[in-house]
Structure formats: structure tokens, C-alpha cells
There are 2 protein chains.
Amino acid sequence: MDREQSPSMEDYLEAISVLARGRKVVRVTQISNMLGVKKPSVTSALKKLREAKLIEHEKYGYVELTEEGQRIADDVWQRHEVLRHFLVEILGIDQERAAEDACKMEHAVSPVTAERLSKFVDFVLSRPQGEPEWLKSFKHYSEHGNFPAECKTKCERER
Amino acid sequence: MDREQSPSMEDYLEAISVLARGRKVVRVTQISNMLGVKKPSVTSALKKLREAKLIEHEKYGYVELTEEGQRIADDVWQRHEVLRHFLVEILGIDQERAAEDACKMEHAVSPVTAERLSKFVDFVLSRPQGEPEWLKSFKHYSEHGNFPAECKTKCERER
DNA sequence: CAATACTGTTCACGCAGATTAACAGTGTTA
DNA sequence: TAACACTGTTAATCTGCGTGAACAGTATTG
């Protein structure tokens with residue numbers, strides 16, 4: 001069995017998993033809306049995923065992930081979240097763009113890199129003192145083009 | 001004119017640019033080897049790029065980037081390098097995997113994110129004191145699973 | 001239970017990008 | 001210059017993933 005899924009198939013698995021979280025039942029139209037593709041595309045993707053034993057789906061019925069399908073979906077989702085978190089919390093990218101970028105990057109990072117990045121984010125943010133000074137300083141720099149110390153009076157004037 | 005290039009076309013442009021650096025002349029076979037595709041794939045890619053005015057190439061001749069083609073190639077290459085640098089210098093990913101990941105991620109990051117990441121890497125590494133302590137500490141942690149402080153005697157014993 | 005509205009599938013097709021096999025052009029060298 | 005080795009192109013074909021149009025199944029509701 002070939003466990004490696006294409007970016008497209010990963011997206012389908014991820015979408016199914018996310019949709020399954022809220023409501024208990026997942027339908028073709030929902031997937032179609034979430035991914036911005038037409039329904040025939042969904043139908044044929046589901047056929048592939050069913051043949052790969054990653055979902056269960058009988059004609060005109062609901063869609064469910066198999067255990068293996070869920071595993072892959074969780075994996076993709078985790079990569080997505082690590083990336084998004086990094087982009088927002090550390091680089092200071094705005095929410096919307098971060099989510100977009102994460103959607104594309106999630107298919108490109110190797111497991112090792114995702115794991116390391118996750119550790120990095122934890123390391124930087126989950127410490128006793130909270131967000132370290134240098135990071136605050138970086139965010140200020142990358143948003144305003146200068147360092148906090150260099151503009152104290154200016155900053156105070158702006159308030 | 002549509003300036004947005006597909007990942008595949010970006011790869012061709014990047015490869016041509018890199019090859020052009022060493023020798024002065026770029027040939028189909030070189031591109032084919034560098035990208036791991038067969039020669040007919042290169043020929044048809046070159047046709048597309050020629051039509052998009054991103055390269056100059058006459059039948060059986062050498063390949064050259066136009067100004068616009070060079071601009072795009074440089075852009076892709078820069079994203080590649082920023083990512084690779086980040087992966088190696090900050091996350092501590094090994095050279096080979098970092099290069100691989102960068103090759104895939106370079107097509108997924110938005111310009112804004114690439115720019116911000118570049119600033120981040122500079123911010124962290126290009127300071128008077130050199131690599132900050134916390135980063136050394138992170139690398140030690142992510143490679144050995146514990147903190148330098150926690151194992152001083154152990155570390156000393158190992159020397 | 002019929003009419004209606006919605007959901008899902010099938011089919012024919014398009015496009016991007018890759019491949020193999022066969023052919024064409026180029027250049028080196030005996 | 002003729003033979004040979006190499007480089008590059010063409011043509012036919014494949015796969016993945018998407019589409020619109022037409023059709024089939026399901027469910028709601030008067």
C-alpha cells in the first residue's frame with residue numbers, strides 16, 4: 001500500500017476530518033464548499049480515497065475516515081497548525097495570510113522538519129517568562145522598521 | 001501577461017539560473033539532469049517559457065534567461081535560500097533534508113512571509129554577540145532531548 | 001403520493017506535466 | 001568527409017486533477 005498521498009488527497013482528508021469535528025456527518029457538498037472545487041471533483045477524489053482504504057463511503061451516503069485516513073488527516077492538520085502558529089506567533093504574519101500559507105506549506109514540510117518546528121515554537125513561547133523580550137523586539141522591528149529603543153519618544157507621542 | 005508561474009516552471013527557471021552561474025552556457029541535458037526529468041519534458045517546458053518571454057532558446061541552441069525570467073529565477077532562489085538557511089541555522093535540520101524541504105517549500109511561501117522570515121533569520125543570527133545563547137540552548141535541547149544546564153556533569157563526563 | 005428541490009454521480013472533456021520511442025541535428029574524430 | 005556518439009525534438013500516450021452538462025437518487029412538503 002502506498003501511504004504517500006498527493007497534496008490534493010491530503011487536502012480532502014484534512015477537510016473531511018475538520019468537517020467531521022463539528023457535525024457528526026460529512027457530505028459531498030460540504031467538502032466541495034470547503035475546498036472550493038465542484039462536486040464531481042469530490043466524487044472522484046472519494047473514489048480514490050475509498051480504494052486506498054482511507055475513507056468509507058457508499059453511494060449517496062455519508063463520508064467517514066478510516067483509522068488510517070484519520071491518522072493521515074491528523075498528521076496534515078498538525079503540520080498545518082504548527083506552521084500557522086509559527087507564522088502568526090513568531091513571524092507576526094497576519095492571521096489570514098498565515099492560514100493561506102500554512103495550507104500550501106503543509107504539503108511541503110517533511111515530518112522531521114515539522115517536528116523540529118513544533119519544538120521550536122514551544123521552546124520560544126512556552127517558557128516561564130512568556131514571550132521573550134527579543135521576540136517582542138523583532139516584531140516591533142519587522143512591523144515598524146526600527147527598534148523599540150530607537151523610538152521611545154516617537155512611540156510615546158503616537159499614543 | 002500572467003507572471004504567476006507554476007511550481008514546475010519555477011523549478012525550470014531556477015535550474016537554468018543556477019546552471020548559468022558556473023558555465024556560461026546552459027543545455028537541455030544539464031537541466032534534465034538537475035531536475036531529474038527526461039529531456040522531452042525539458043523541451044516542452046522550454047517551449048512554454050519561451051512563449052512567456054522568460055527565456056530565449058532557438059532550436060538545438062543554448063538557453064538564456066530574459067530579464068524577466070532572471071528576475072523570477074532570482075526570486076525563487078532567494079526564497080529557497082532563506083528557507084534553507086532558516087532550517088539549517090535555526091532549526092538545526094541537516095543540510096540534505098533542509099535543501100530538499102526548501103525545494104518544495106519555496107513554491108508555497110508568499111512573498112510577504114519570505115521577506116519576514118528573512119528578517120527573522122537576520123535578526124536572530126546577525127547580531128553583535130553572534131548566535132544567541134537561547135538558540136544554542138534550543139539546538140542542544142532538540143538534538144539531545146534535554147537542556148545544557150541539566151546535564152553539565154554528564155556532558156563533562158562525555159568529553 | 002406526486003411535485004419539487006436538493007444532493008450526488010456519470011460522462012466526456014481539458015489542461016499540465018511527465019514518459020517512451022523514434023527521429024533529426026550537431027560535432028568530433030579517424 | 002564519413003562514421004559515430006551525443007544532444008535535442010517530435011509524436012503518441014499516460015496520469016492527476018479539475019470542469020460542465022446531463023442524469024439519478026433522496027427527501028421534503030403540499
Side-chain angles (χ1 to χ4, degrees), chain A residues 1-16 19-20 22-65 69 72 76 103-104 106-108, chain B residues 1-16 19-20 22-65 69 72 76 103-104 106-108:
Chain A
M1 287 187 223
D2 190 4
R3 291 295 54 135
E4 274 298 294
Q5 293 300 309
S6 66
S8 177
M9 292 304 122
E10 285 188 351
D11 280 337
Y12 282 105
L13 292 172
E14 192 185 19
I16 293 164
L19 288 167
R23 25 236 150 156
K24 263 284 67 77
V25 131
V26 179
R27 286 180 305 181
V28 168
T29 304
Q30 297 176 300
I31 302 171
S32 154
N33 289 335
M34 170 161 286
L35 294 180
V37 298
K38 304 300 178 184
K39 289 185 285 183
S41 310
V42 177
T43 301
S44 73
L46 295 184
K47 183 170 175 250
K48 266 192 79 170
L49 294 173
R50 182 164 13 89
E51 285 165 0
K53 301 239 188 293
L54 300 176
I55 62 168
E56 277 161 34
H57 175 232
E58 36 196 58
K59 259 194 188 178
Y60 298 101
Y62 299 133
V63 183
E64 270 179 302
L65 291 167
I72 297 175
V76 177
C103 273
K104 293 194 290 170
E106 70 193 9
H107 308 294
Chain B
M1 289 186 223
D2 191 4
R3 292 294 54 133
E4 274 297 293
Q5 293 301 309
S6 66
S8 176
M9 291 304 121
E10 285 189 350
D11 280 337
Y12 283 105
L13 291 172
E14 192 185 17
I16 293 164
L19 287 167
R23 25 238 149 155
K24 260 290 60 79
V25 132
V26 179
R27 286 180 305 183
V28 169
T29 304
Q30 297 176 301
I31 302 171
S32 156
N33 289 335
M34 169 160 288
L35 295 180
V37 297
K38 304 299 179 185
K39 289 186 285 182
S41 310
V42 177
T43 301
S44 73
L46 294 185
K47 183 169 174 253
K48 267 192 79 171
L49 294 173
R50 183 166 10 91
E51 285 165 359
K53 301 240 188 295
L54 300 176
I55 61 168
E56 277 161 35
H57 175 230
E58 35 197 58
K59 260 195 186 177
Y60 298 100
Y62 299 133
V63 183
E64 269 179 302
L65 292 167
I72 297 175
V76 177
C103 274
K104 292 194 290 170
E106 70 193 8
H107 308 295

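Quick caveat, the model's predicted, so the values are computed rather than measured. Side-chain atoms are counted along with the backbone in the values below, which use heavy atoms only and exclude waters and symmetry mates. Reminder, nothing fancy here: chain letters follow the sequence lines and each chain counts from 1.
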- Message: Show, in sequence, the C-alpha distance, side-chain angles and deciding distance for I16(A) and L46(A), and conclude whether the side-chain contact (heavy atoms from CB on, under 4.5 Å) test is met.
- Response: CA-CA 10 Å; I16(A) 293 164; L46(A) 295 184; 4.1 Å; yes
- Task: Could you check K38(A) against Y62(A) and say which one's nearest nucleotide on DNA chain D is further toward the 5' end?
- Result: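 In this pair, the answer is K38(A).
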Take the protein atom [atom1] of [X] and the nucleotide atom [atom2] of [N], then report the distance between them rounded to whole Å.
| X | N | atom1 | atom2 | answer |
| --- | --- | --- | --- | --- |
| D11(A) | dG16(D) | CG | P | 17 Å |
| Q30(A) | dC6(C) | CD | P | 16 Å |
| Q5(B) | dA16(C) | CD | C1' | 13 Å |
| E58(A) | dT9(C) | CD | P | 11 Å |
| L49(A) | dT9(C) | CG | P | 13 Å |
| E4(B) | dA16(C) | CD | P | 15 Å |
| I31(A) | dT9(C) | CD1 | C1' | 14 Å |
| K48(B) | dT9(D) | NZ | P | 17 Å |

Taking N or O atoms only and anything under 3.5 Å, show me the protein contacts with nucleotides 1-7 of chain D, one pair per line.
none

Side-chain N or O of [X] less than 4.0 angstrom from OP1 or OP2 on [N]?
| X | N | result |
| --- | --- | --- |
| T43(B) | dT10(D) | no |
| S41(A) | dC17(D) | no |
| K59(A) | dT26(D) | no |

With heavy-atom distances below 4.5 Å as the criterion, would you say the side chains of [X] and [Y] are in contact?
| X | Y | value |
| --- | --- | --- |
| L54(B) | Q5(B) | yes |
| K39(B) | T29(B) | yes |
| H57(A) | Y62(A) | no |
| D11(A) | V76(A) | no |

- Task: For S8(B), answer base if it contacts any base atom (sugar-phosphate contacts may also be present), sugar-phosphate if it contacts only those atoms, and nothing otherwise; contact means non-hydrogen atoms under 4.0 Å.
- Result: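 Sugar-phosphate, no base atom in range.
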- Query: Just checking S44(A): base, sugar-phosphate only, or nothing, at a heavy-atom cut-off of under 4.0 Å?
  - Reply: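 Contact class for S44(A): none.
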- Item | Heavy-atom pair of closest approach, residues K38(B) and S32(B) |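 Scanning both residues completely, I find the closest heavy atoms to be C-OG, 4.0 Å.
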- Which atom names give the shortest non-hydrogen contact between V37(A) and Y12(A), and what distance separates them?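 So the minimum-distance heavy-atom pair works out to CG2-OH, 3.6 Å.
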- Task: Compare the minimum distances between each of dT9(C), dG18(D), dA18(C) and the side chain of Y12(B), then state the nucleotide with the smallest one.
- Result: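 Per side-chain heavy atoms of Y12(B), the pick is dA18(C).
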- Can you figure out which of dG17(C), dG20(D), dT19(C) approaches the side chain of M9(B) most closely?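 So the nucleotide nearest the side chain must be dG17(C).
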